[in-house]
Q: 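Here it is, the structure in full.
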Amino acid sequence: MSKTLIRGAKVLGGAPQDVLIDGETIAAVGPDLAAEDAEVVDAEGKVLLPGLVDLHTHLREPGREDSETVLTGTRAAAAGGYTCVFAMANTFPVADTAGVVEQVWRLGREHGYCDVRPVGAVTVGLEGKKLAELGAMHESAAAVTVFSDDGKCVHDAVIMRRALEYVKAFDGVIAQHAQEPRLTEGAQMNEGVVSAELGLGGWPAVAEESIVARDVLLADHVGSRVHICHLSTAGSVEIVRWAKSRGIRVTAEVTPHHLLLTDELVRTYDPVYKVNPPLRTARDVQALREALADGTIDIVATDHAPHPHEDKDCEWPAAAMGMIGLETALSVVQETMVDTGLMDWAQVAERMSFAPARIGRATGHGRPVSAGEPANLTLVDPAYRGRVDPAGFASRSRNTPYRGMELPGRVTHTWLRGKATLVDGKLT
């Protein structure tokens, strides 16, 4: 079994320590460790975190391999410091049966760059009319625990209630794309001053907030777990904060792009900024940062949404919604949360590893960096600053909103159960 000695790393941003990996496990953590025949990684000045976990990734396979595949998506994940990703169900065919989720799970096992946990659809075909095979997907080899129609809202209150009741039996969670469909017909961007000036159809904050309010009340009534995907407005923050104060079992995520970018960028008419939910106002961005810092928002999730060039290189109204984010997420979080003093690296580990693993019940991930734990780790150089160049991305798609932007931090190494998937910034 191979050994790796990580020398002088700041574990979760703390005092420098050595970490010895032996096989698939962390063998020891402490000062001045020694190990014969171990590969030594000089980690002076670098931060060692548990492997990141993304609760919201679109891998597109099966059906849209022109955008992404499980192989290219997991390579992008490893490059971004992730050891586990949850693959959303809006594939072709939809991941609404045991057969499809097992296919995605097996593809993840074959490629080996990170663990892939399929997300099952809540309703058949994402149509919002009939519950999908929730129990069968949970009992399958993929052991699905998270269910979502992401890309579409489970807008029918009765269907949502039934889904919450069903997954309660096996401690599952419904991850809701909060978007009231009637209030967002023809929507192209955030409804506000900018949309009025540009003459683009608006996506009002209340379309998100009304669903969030309804669903936390349903979760309270049923006694089940609900997770709010890509929360984007200050009003949604207040609803989740209130629900948590009542003891309601709600968790929420924010994307890196909603922590950094605002709807002012839409003035460029560059479709790279077209996303669902849309980029919001500076006031919303500030509220999201504060909520992530104080724990009202539990996690950062990328909503990595790859698209082929032709789906973005077109007029704004015709462009697909979505941005890629696996390879830049940690840098954006450092820029918006760590370098601003809102969070430290231990809190980053909580929001990007420990908490998402707990929510998704990802066994073996989001574990402490201590002896006896699985060696799922990522090493970050926080002193690095560089311009984002998507030409070097591992993802099959290039629709990043950060092209040319200078961001801090660089993932240098990633280990999945002791096996290096990224070394010195290069995939193995």
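Computation of the quantities below employed the complete heavy-atom set of this structure, encompassing side-chain atoms and omitting hydrogens, waters and symmetry-equivalent molecules.
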Q: Consider only side-chain N and O atoms of Ser195 and Gln188, and report whether a donor and an acceptor are under 3.5 Å apart.
A: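 Per modelled atom types, Ser195 and Gln188 side chains form no pair under 3.5 Å.
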
Q: Run the side chain to side chain contact (heavy atoms under 4.5 Å, CB included) test on Ile159 and Leu131 for me, step by step, so that the C-alpha distance in whole Å, both residues' side-chain angles and the decisive distance to 0.1 Å come before the verdict.
A: CA-CA 7 Å; Ile159 293 289; Leu131 284 183; 4.1 Å; yes

Q: Go through the side-chain N and O atoms of His227 and Thr251 and say whether any donor and acceptor fall under 3.5 Å apart.
A: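 Judged by distance alone, the side chains do pair up.
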
Q: So if I apply the side chain to side chain donor-acceptor pair (under 3.5 Å) rule between Ser232 and each of Arg280, His258, Glu209, His257, which one comes out positive?
A: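 The passing option is Arg280.
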
Q: Checking side-chain polar atoms at under 3.5 Å, does His56 have a donor or acceptor matched by the opposite partner on Asp150?
A: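 The criterion, which ignores hydrogens and geometry beyond distance, is satisfied for Asp150 and His56.
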
Q: With a 4.0 Å cut-off, would you call Glu165 and Arg162 a salt bridge?
A: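 Answer for the salt bridge query: yes.
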
Q: Should we say atom NZ of Lys244 is surrounded by more than 12 heavy atoms from elsewhere, each under 6.0 Å from it?
A: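 Yes, enclosed.
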
Q: With sequence neighbours excluded, tell me which residues meet ring pair (Phe, Tyr, Trp, His ring centres under 6.0 Å) with Trp203.
A: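 Trp203: no ring pair (Phe, Tyr, Trp, His ring centres under 6.0 Å) contacts found.
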
Q: Tell me, please, which residues at least two apart from Arg241 pass side-chain contact (heavy atoms from CB on, under 4.5 Å).
A: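 side-chain contact (heavy atoms from CB on, under 4.5 Å) check on Arg241 returns Val237, Glu238, Ala291, Asp294, Thr296.
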
Q: Nearest 0.5 Å, please: how far is CG in Leu342 from CZ in Arg289?
A: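 Those atoms lie 7.5 Å apart.
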
Q: Please check if any side-chain donor atom of Asp54 sits under 3.5 Å from a side-chain acceptor atom of Thr302, or the reverse.
A: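 Present: a donor and an acceptor within the cut-off.
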
Q: Where do Lys274 and Pro317 come nearest, in terms of heavy atoms and distance?
A: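 Shortest heavy-atom separation between Lys274 and Pro317 comes out as NZ-O, 3.2 Å.
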
Q: Could you report the tightest heavy-atom contact between Tyr273 and Met323, atom names first, then the distance?
A: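 Smallest heavy-atom distance, with atoms named: CA-CE, 3.7 Å.
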
Q: Do Ser210 and Glu180 meet the criterion of a side-chain donor-acceptor pair at a distance under 3.5 Å?
A: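 Distance-only check fails for Ser210 and Glu180.
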
Q: Partners of Glu264 by salt bridge (Lys or Arg N to Asp or Glu O under 4.0 Å), sequence neighbours excluded?
A: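 Checked Glu264 against salt bridge (Lys or Arg N to Asp or Glu O under 4.0 Å); matches are Arg267.
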
Q: Taking NZ in Lys312 as the centre, count heavy atoms belonging to other residues, nucleotides or ligands within less than 6.0 Å. Is the count above 12?
A: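 Yes, enclosed.
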
Q: My understanding is that only one of Asp171, Asp215, Asp298, Asp220 makes a salt bridge (charged side-chain N to carboxylate O under 4.0 Å, His left out) with Arg249; could you say which?
A: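 Single pass found, and it is Asp171.
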
Q: Please work out whether the ring planes of Tyr166 and Phe170 are parallel, tilted or perpendicular, with thresholds of 30° and 60°.
A: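 Correct class here is perpendicular.
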
Q: Kindly give the heavy-atom pair with the smallest separation between Val85 and Ala77, and that separation in Å.
A: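 Nearest pair, atom of Val85 first, then Ala77: CG1-CB, 3.8 Å.
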
Q: Quick test of your reading of the model: are Glu350 and Arg358 salt-bridged, counting only N-O distances below 4.0 Å?
A: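 Between Arg358 and Glu350 there is a salt bridge, with a charged N closer than 4.0 Å to a carboxylate O.
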
Q: State, to 0.1 Å, how close Pro306 and Ser397 come at their nearest heavy-atom pair, and which atoms those are.
A: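 Shortest heavy-atom contact: CB-OG, 3.3 Å.
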
Q: Do we see a donor-acceptor contact under 3.5 Å between the side chains of Thr328 and Ser331?
A: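 Distance-only check fails for Thr328 and Ser331.
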
Q: Hey, mind stepping through His307 and His58 against side chain to side chain contact (heavy atoms under 4.5 Å, CB included) and telling me if it holds?
A: CA-CA 10 Å; His307 291 292; His58 297 273; over 6 Å; no

Q: More than 12 heavy atoms of other residues, nucleotides or ligands under 6.0 Å from CZ of Arg385: is that the case?
A: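 Yes.
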
Q: Are Glu127 and Thr123 close enough that a side-chain donor and a side-chain acceptor fall under 3.5 Å?
A: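 Thr123 and Glu127 do not have a side-chain donor-acceptor pair below 3.5 Å.
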
Q: Show your working on side chain to side chain contact (heavy atoms under 4.5 Å, CB included) between Tyr82 and Thr57 and close with a plain yes or no.
A: CA-CA 11 Å; Tyr82 289 89; Thr57 303; over 6 Å; no

Q: Crowded around Glu315 CD? As in, over 12 foreign heavy atoms under 6.0 Å?
A: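 At most 12 heavy atoms, drawn from other residues, nucleotides or ligands, come within 6.0 Å of this atom.
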
Q: Under the side chain to side chain contact (heavy atoms under 4.5 Å, CB included) rule, what do Leu326 and Phe393 come out as? Steps first, then yes or no, please.
A: CA-CA 10 Å; Leu326 284 169; Phe393 281 0; over 6 Å; no

